[in-house]
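First comes the structure, then the notes that go with it.
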Amino acid sequence: MIQLIRGFKDILPGEVELWQYIEKTVRSLFEDFGFKEIRLPILERTELFARSIGEDTDIVEKEMYTFPDRNGDLITLRPEATASVVRSYIQHKMYAKDPVQKFYSIGPMFRRERPQKGRYRQFYQINAEVFGIDSPFIDAQLIFLAMKLFSMLEVTDAKPHINSLGCPKCRLNFKESLSAFLSSVTEKICQDCLRRSKKNPLRALDCKNSSCREAMVDAPAITDYLCSECSQHFETVKHVLEKFKIPFVIDKHLVRGLDYYTRTTFEIQTGSLGAQNAVAGGGRYDGLVKALGGPDQPAIGFAIGLDRLAEITGIRNKDLLQKPDIYIAALGEKSMPLAFEWSCNFGLEGIRSEMDLSNKSLKSQMKRADRLKASYVLIAGDNELEEGSVVLRNMTTKKQIPIPIESLVEKVKAEIKL
Ligand code: AMP
């Protein structure tokens with residue numbers, strides 16, 4: 001038997017209702033805040049990710065699903081959404097109409113990481129991106145929105161961890177001092193960190209290796225190197241979060257695994273996920289639009305892991321499962337076509353119905369109606385039909401009443417009060 005690929009998964013009925021509920025909540029929240037949905041391709045040119053996420057990141061170096069198209073062009077299954085949203089913003093010159101654009105999207109991402117609980121090779125993200133606003137208010141508002149979504153989905157212990165990565169100006173001095181620090185701990189850090197320590201020392205702060213993590217505890221903090229504008233920007237973000245009464249943690253070593261971030265960066269963590277404790281991550285990427293060939297527009301965004309969110313939400317899937325309103329037990333040659341017609345008309349009237357087309361016994365059909373947790377059963381045997389009415393059974397009260405077959409759908413509808 002052919003099995004699915006390691007790190008990939010099926011989301012089946014029974015679980016998918018929860019995903020639909022989360023997606024519905026996301027759409028209504030973001031749309032209430034003026035975000036528009038954007039749907040972008042899953043395949044993009046490899047260069048887009050290499051240039052935006054950064055050549056020396058784990059994602060680009062080790063995790064992308066990249067392959068040559070039949071004409072030799074290198075293409076990649078998107079490992080994240082921001083690069084594509086930026087590409088689209090530039091390609092369609094959306095900034096010309098209005099530089100301020102707010103987008104959300106929901107979809108699959110692909111990274112060839114080591115699969116484990118909470119970490120998949122195809123996973124889903126909810127993304128929000130705002131272009132054209134450099135005010136720190138929007139940074140705080142994005143964190144507020146993510147936290148609002150978590151509370152709507154009954155996630156109880158989510159907490160933002162925030163940091164500022166400054167601008168290229170503040171980063172210059174910081175990089176130097178971090179490089180110097182890395183040279184003092186060369187025997188404790190991994191080969192990747194050693195290799196990246198001169199060109200891209202920030203990556204060492206994000207290394208998953210435990211000995212690197214230990215070695216980095218005393219590393220310098222970027223917040224000590226912020227220029228006055230970046231420092232002021234970060235202070236305002238914190239101040240607005242306090243006003244929103246959102247408790248947060250300052251994590252001076254939070255840099256996140258992508259090169260494009262500037263100023264505010266954040267991760268939302270929870271205690272309920274075990275080792276993979278981040279449920280969302282994001283930040284500013286003020287230089288990226290320009291670096292990819294667009295105008296000099298600031299931008300900020302975040303990604304929430306939908307798979308992880310589905311694991312920690314307090315909403316219970318069993319409360320969302322859809323059951324048939326009515327099960328039609330058709331018994332006999334004559335009743336079958338009539339029952340089939342009713343079943344179609346029930347559907348058109350917004351009444352969920354289910355029926356058996358193989359002429360099974362009443363006993364076995366009642367069993368199936370029970371298993372499906374149908375609220376009502378319509379018992380339609382040939383004998384009943386001859387008398388001009390069928391039986392409607394309320395599966396909770398067990399009460400049975402006759403329903404005339406003339407205008408049956410309307411009569412049932414009135415009876416079951418949907
Ligand atoms: P990132 O794009 O790495 O900042 O990730 C943003 C969010 O996506 C994380 O906080 C996770 O919730 C989720 N995520 C990232 N990678 C994976 C993965 N391999 N499997 C499941 N969720 C993931």
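Order of listing sets the numbers, starting from 1, for every ligand and every atom in it. Below, all heavy atoms of this structure are taken into account, side chains as well, without hydrogens, waters or symmetry copies.
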| message | Heavy-atom distances under 4.0 Å decide this one: backbone, side chain, both or neither, for F123 against ligand 1? | response |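 The side chain, only.
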| query | For ligand 1, is any non-hydrogen atom under 4.0 Å from R121's backbone (N, CA, C, O), its side chain (CB onward), both, or neither? | reply |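 It is neither part, as no heavy atom is under 4.0 Å.
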| Should the ring pair F30 and F302 be called parallel, tilted or perpendicular, given that the plane angle runs from 0 to 90° and is split at 30 and 60? |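 Tilted.
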[X] [atom1] to [Y] [atom2] distance, which is reported to the nearest 0.5 Å:
X: N127; Y: L306; atom1: CG; atom2: CG; result: 11.0 Å
X: M109; Y: E80; atom1: CE; atom2: CD; result: 7.5 Å
X: I22; Y: D307; atom1: CD1; atom2: CG; result: 9.5 Å

| message | I'd like to know if E80 contacts ligand 1, where contact means a heavy-atom distance under 4.0 Å to any ligand atom. | response |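 Contact absent.
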Polar contacts were defined as any N/O atom of the residue lying under 3.5 Å from an N/O atom of the ligand; does this apply to [X] and ligand 1?
X: V279; value: yes
X: E113; value: yes
X: I304; value: no

[atom]: the protein heavy-atom neighbour that sits closest, reported with distance to 0.1 Å:
atom: atom 13 (C) of ligand 1; result: G305 CA, 3.6 Å
atom: atom 3 (O) of ligand 1; result: R111 NH1, 2.8 Å
atom: atom 20 (N) of ligand 1; result: Y120 N, 2.9 Å
atom: atom 11 (C) of ligand 1; result: R308 NH1, 3.3 Å

Under a 3.5 Å threshold, yes or no: a donor from one side chain and an acceptor from the other, between [X] and [Y]?
X: Y124; Y: Q122; result: yes
X: Y285; Y: E129; result: yes
X: S197; Y: S179; result: no

| field | Sub-4.0 Å atoms of ligand 1 with respect to non-hydrogen atoms of G118 | value |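 So the answer, numbered in order with elements, is 20 (N), 21 (C), 22 (N).
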| Atoms of ligand 1 less than 4.0 Å from A303 heavy atoms? |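 Close to A303: 6 (C), 7 (C).
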| field | From R256, Q122, R114, Q125 - option closest to atom 7 (C) of ligand 1 by heavy atom | value |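 It is Q125 whose heavy atom sits nearest to atom 7 (C) of ligand 1.
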| request: Answer yes or no: is there a side-chain heavy-atom contact under 4.5 Å between R284 and I138? | output: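 Yes, their side chains come closer than 4.5 Å.
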| said: For a 4.5 angstrom cut-off between non-hydrogen side-chain atoms, does M216 reach L182? | reply: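 The answer is yes; the side chains approach within 4.5 Å.
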